[in-house]
Novice: 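One structure follows; several queries about it will come next.
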Amino acid sequence: MAGIPVSGTCDPRFAPLRDAFAANFHERGEPGGAIALMVDGRLVADLWGGFRDAARATPWVHDTLVNFFSVGKAFTSLTALRLVDRGLLDLDAPVARLWPDFARAGKEEITLRHILSHQAGLPAIRQPLTDTDLFNWNAMIRALENQEPWWQPGAAHGYHVNTFGFLAGEIVRRAAGETAGTLLRKEIAGPLAADVHIGLPSGEHRRCAEFLWPAVLQERPEGELSGDTLMKWNTYWNPPGISGADTVNTAAWRSAELPSTNGHGTARGIARIYAALAAGGSIGGVDILSPATLAAAVEEQSYGPDRVLDRESRFALGFQLPQPERPLGPNKAAFGHFGAGGSLGFCDPEARVAFGYVTNDMGPRWQNPRNKALLAAIYDSLAQP
């Protein structure tokens with residue numbers, strides 16, 4: 001891998017970041033990816049390298065798009081938070097006031113705050129679903145309407161890996177009359193010229209990198225599943241393709257709006273959105289969130305044992321917060337969201353930093369050596385005179 005070139009631009013001060021990115025290819029098995037770093041709203045590193053395909057025949061280029069999985073949860077959340085800003089949504093009002101059929105099966109008091117902080121008790125759907133249901137928004141919404149919470153809402157939290165986007169997305173659709181993907185394009189990504197998408201137009205599919213999904217990611221437990229075992233399995237595998245297995249590189253996946261998991265974009269686009277958040281919610285005359293709503297959005301909502309992940313997790317409203325096992329640099333006020341494979345978008349307002357990293361490989365999903373090396377290099381670079 002030593003011969004894989006890295007292209008793009010990098011301020012000399014951030015040479016440690018360029019070196020760490022290059023090392024991802026020849027030391028840490030990176031097949032293809034990109035990074036972008038902004039400081040004080042200025043793009044100081046914009047790098048890409050490797051290959052877009054499993055055959056390693058097509059180089060990654062400056063505008064290559066790739067599925068960044070849960071990095072997109074933060075962008076879906078931003079669409080909801082913008083509606084909070086406009087008075088169209090209330091974080092603490094029962095969702096059923098806006099969405100009456102949601103009140104079924106003990107969900108009468110669930111709020112948007114519960115959903116954005118993974119406390120709603122709806123990480124999985126018990127009813128068996130098919131891949132066809134995955135691409136049928138109404139079928140997914142009906143299944144969630146009928147689903148009983150797996151725990152008392154607000155009494156615990158567990159990562160809503162795939163249902164998060166359907167829940168938040170339906171609330172956005174009902175409040176605004178438009179989908180989360182449409183609002184992202186019209187009110188956030190478009191005005192910022194940020195190349196990120198939830199629901200990728202077919203004309204843009206030609207720019208997509210192939211995501212290298214592993215042959216085997218998880219084996220189904222033996223026997224009939226029930227209780228928490230069923231909940232955890234269905235979180236990832238009901239419908240079967242909901243996490244991306246056998247679907248992530250299809251036109252149907254790329255075109256659909258699956259707001260938890262199928263966001264596509266460039267590292268540069270991710271960093272651009274986080275640069276606005278690092279600056280207090282506005283950059284270059286484009287307002288993303290009011291300072292008050294942004295401050296509320298990054299307050300800790302849930303922290304401790306995660307009912308789905310079987311480890312500790314820490315959430316604000318749609319953002320992941322640093323924790324000792326997975327920091328976002330040295331400063332406590334950083335916030336962002338990781339994605340499967342190690343992709344990452346985050347900002348650190350204290351350091352005035354915004355960062356995006358995308359990859360087309362399902363590397364380690366928790367302690368990922370590639371993004372850890374990149375994070376360390378960012379702060380090493382910032383420490384340079």
Novice: Give the cluster check for L294 versus L91: same hydrophobic cluster or not, with ILVMFWY residues linked at side-chain heavy-atom distances below 4.5 Å.
Specialist: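 Yes, L294 and L91 fall within the same hydrophobic cluster.
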Novice: Classify the side-chain pair Q323/S313 by whether it contains a donor and acceptor separated by less than 3.5 Å.
Specialist: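 There is no such pair between these side chains.
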Novice: Quick one, R113 with Q301, criterion side chain to side chain donor-acceptor pair (under 3.5 Å). Give me CA distance, side-chain angles, the key distance, then yes/no.
Specialist: CA-CA 8 Å; R113 186 183 300 275; Q301 303 292 318; 3.2 Å; yes
Novice: Does a salt bridge link R311 with D306, judged by any charged N lying under 4.0 Å from a carboxylate O?
Specialist: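 No.
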Novice: Once you round to the nearest 0.5 Å, how far does CG of L258 lie from OG1 of T261?
Specialist: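 Reported to 0.5 Å precision, the distance equals 5.0 Å.
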Novice: Would Y159 and S70 count as having a side-chain donor-acceptor pair, cut-off 3.5 Å?
Specialist: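 Result is yes, a qualifying pair exists.
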Novice: We want to know whether W137 and E170 form a side-chain donor-acceptor pair, criterion being a heavy-atom distance below 3.5 angstrom.
Specialist: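 Their side chains do contain a donor-acceptor pair, which is all the 3.5 Å distance test asks for.
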Novice: Decide, yes or no, whether a salt bridge links E178 with R173 under the criterion of side-chain N to carboxylate O below 4.0 Å.
Specialist: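 No.
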Novice: Between the side chains of H26 and N24, does any donor sit under 3.5 Å from an acceptor?
Specialist: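 No - no donor-acceptor pair under 3.5 Å links their side chains.
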Novice: Under 3.5 Å, is there a donor on one side chain and an acceptor on the other for T182 and T179?
Specialist: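 Side chains of T182 and T179: pair found under 3.5 Å.
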Novice: Can you find a side-chain donor-acceptor pair between E145 and W99 that sits under 3.5 Å?
Specialist: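 Looking only at side-chain atoms, W99 and E145 do form a donor-acceptor pair, the distance falling under 3.5 Å.
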Novice: Kindly determine whether T266 and D195 satisfy side chain to side chain donor-acceptor pair (under 3.5 Å), including the steps that lead there.
Specialist: CA-CA 6 Å; T266 63; D195 197 359; 4.5 Å; no
Novice: Would a hydrophobic clustering, with Ile, Leu, Val, Met, Phe, Trp and Tyr connected at side-chain separations under 4.5 Å, put M38 with V71?
Specialist: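 In one cluster: no.
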Novice: Considering only heavy atoms from C-beta outward, does the side chain of S7 approach that of W60 to under 4.5 Å?
Specialist: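 When only atoms from C-beta onward are counted, W60 and S7 do not touch, as no gap falls below 4.5 Å.
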Novice: Check the side chains of N249 and W213 for a donor-acceptor pair under 3.5 angstrom, ignoring hydrogens and angles.
Specialist: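 Short answer, no.
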Novice: Ring centroid separation for H160 and H118, is it under 6.0 angstrom?
Specialist: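 Judged by ring-centre distance (under 6.0 Å), H160 and H118 do meet the cut-off.
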Novice: Is the positively charged end of R314 above the ring of Y303, judged by distance under 6.0 angstrom from the centroid and angle within 45° of the axis?
Specialist: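 Yes, cation above the ring, under 6.0 Å and within 45°.
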Novice: Please enumerate all residues that pass side-chain hydrogen bond (donor to acceptor under 3.5 Å, both in side chains) together with T130, with sequence neighbours excluded.
Specialist: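 Residues passing side-chain hydrogen bond (donor to acceptor under 3.5 Å, both in side chains) with T130: D133.
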Novice: Salt bridge check, K332 against E300: does any charged N sit closer than 4.0 Å to a carboxylate O?
Specialist: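 Looking at K332 together with E300, the answer is no, because their closest N to O distance does not fall below 4.0 Å.
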Novice: Flag yes if more than 12 heavy atoms outside E350 fall under 6.0 Å of its CD atom; otherwise flag no.
Specialist: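 Check fails, neighbour count at 12 or below.
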Novice: Within the 3.5 Å criterion, strictly below it, is a donor on N162 or T235 matched to an acceptor on the partner's side chain?
Specialist: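 N162 vs T235: no donor-acceptor pair found between side chains.
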Novice: Do NZ/NE/NH1/NH2 and the carboxylate oxygens of R142 and D101 come within less than 4.0 Å?
Specialist: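 No, this pair does not count.
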Novice: If the test is side chain to side chain contact (heavy atoms under 4.5 Å, CB included), which one of I273, L192, L81 qualifies with I288?
Specialist: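 In the set I273, L192, L81, the residue that makes a side chain to side chain contact (heavy atoms under 4.5 Å, CB included) with I288 is L192.
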Novice: What's the verdict on side chain to side chain donor-acceptor pair (under 3.5 Å) for E30 and T359, showing C-alpha distance, side-chain angles and the deciding distance?
Specialist: CA-CA 8 Å; E30 182 90 82; T359 177; 2.4 Å; yes
Novice: Test: salt bridge (charged side-chain N to carboxylate O under 4.0 Å, His left out). Region: residues 244-271. Which pairs qualify, not counting sequence neighbours?
Specialist: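 Residue pairs with at least one partner in residues 244-271: D46-R268.
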Novice: Between Y379 and D348, does any side-chain donor sit less than 3.5 Å from a side-chain acceptor?
Specialist: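 Yes.
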Novice: Can you hop from F51 to L65 via hydrophobic side chains spaced under 4.5 Å?
Specialist: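 No; L65 is not reachable from F51 via cluster members.
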Novice: Are the aromatic rings of F338 and F346 close, with centres under 6.0 Å apart?
Specialist: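 When the ring centroids of F338 and F346 are compared, they turn out to be at least 6.0 Å apart.
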Novice: How about L98 and L89: do any of their side-chain heavy atoms sit closer than 4.5 Å?
Specialist: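 Result yes, sub-4.5 Å side-chain heavy-atom pair found.
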Novice: Examine the side chains of H205 and S202 and answer whether a donor and an acceptor come within less than 3.5 Å of each other.
Specialist: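 Distance-only check fails for H205 and S202.
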Novice: Cut-off 3.5 Å, side chains only: do T247 and T250 have a donor facing an acceptor?
Specialist: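 Side chains of T247 and T250: no pair found under 3.5 Å.
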Novice: Show, in sequence, the C-alpha distance, side-chain angles and deciding distance for D92 and T111, and conclude whether the side chain to side chain donor-acceptor pair (under 3.5 Å) test is met.
Specialist: CA-CA 5 Å; D92 296 307; T111 66; 4.7 Å; no
Novice: Inspect the contact between D361 and R370 and indicate whether a charged nitrogen and a carboxylate oxygen are less than 4.0 angstrom apart.
Specialist: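 A salt bridge links R370 with D361.
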Novice: Got a sec: does the CD of E224 have more than 12 other heavy atoms crowding it under 6.0 Å?
Specialist: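 Open.
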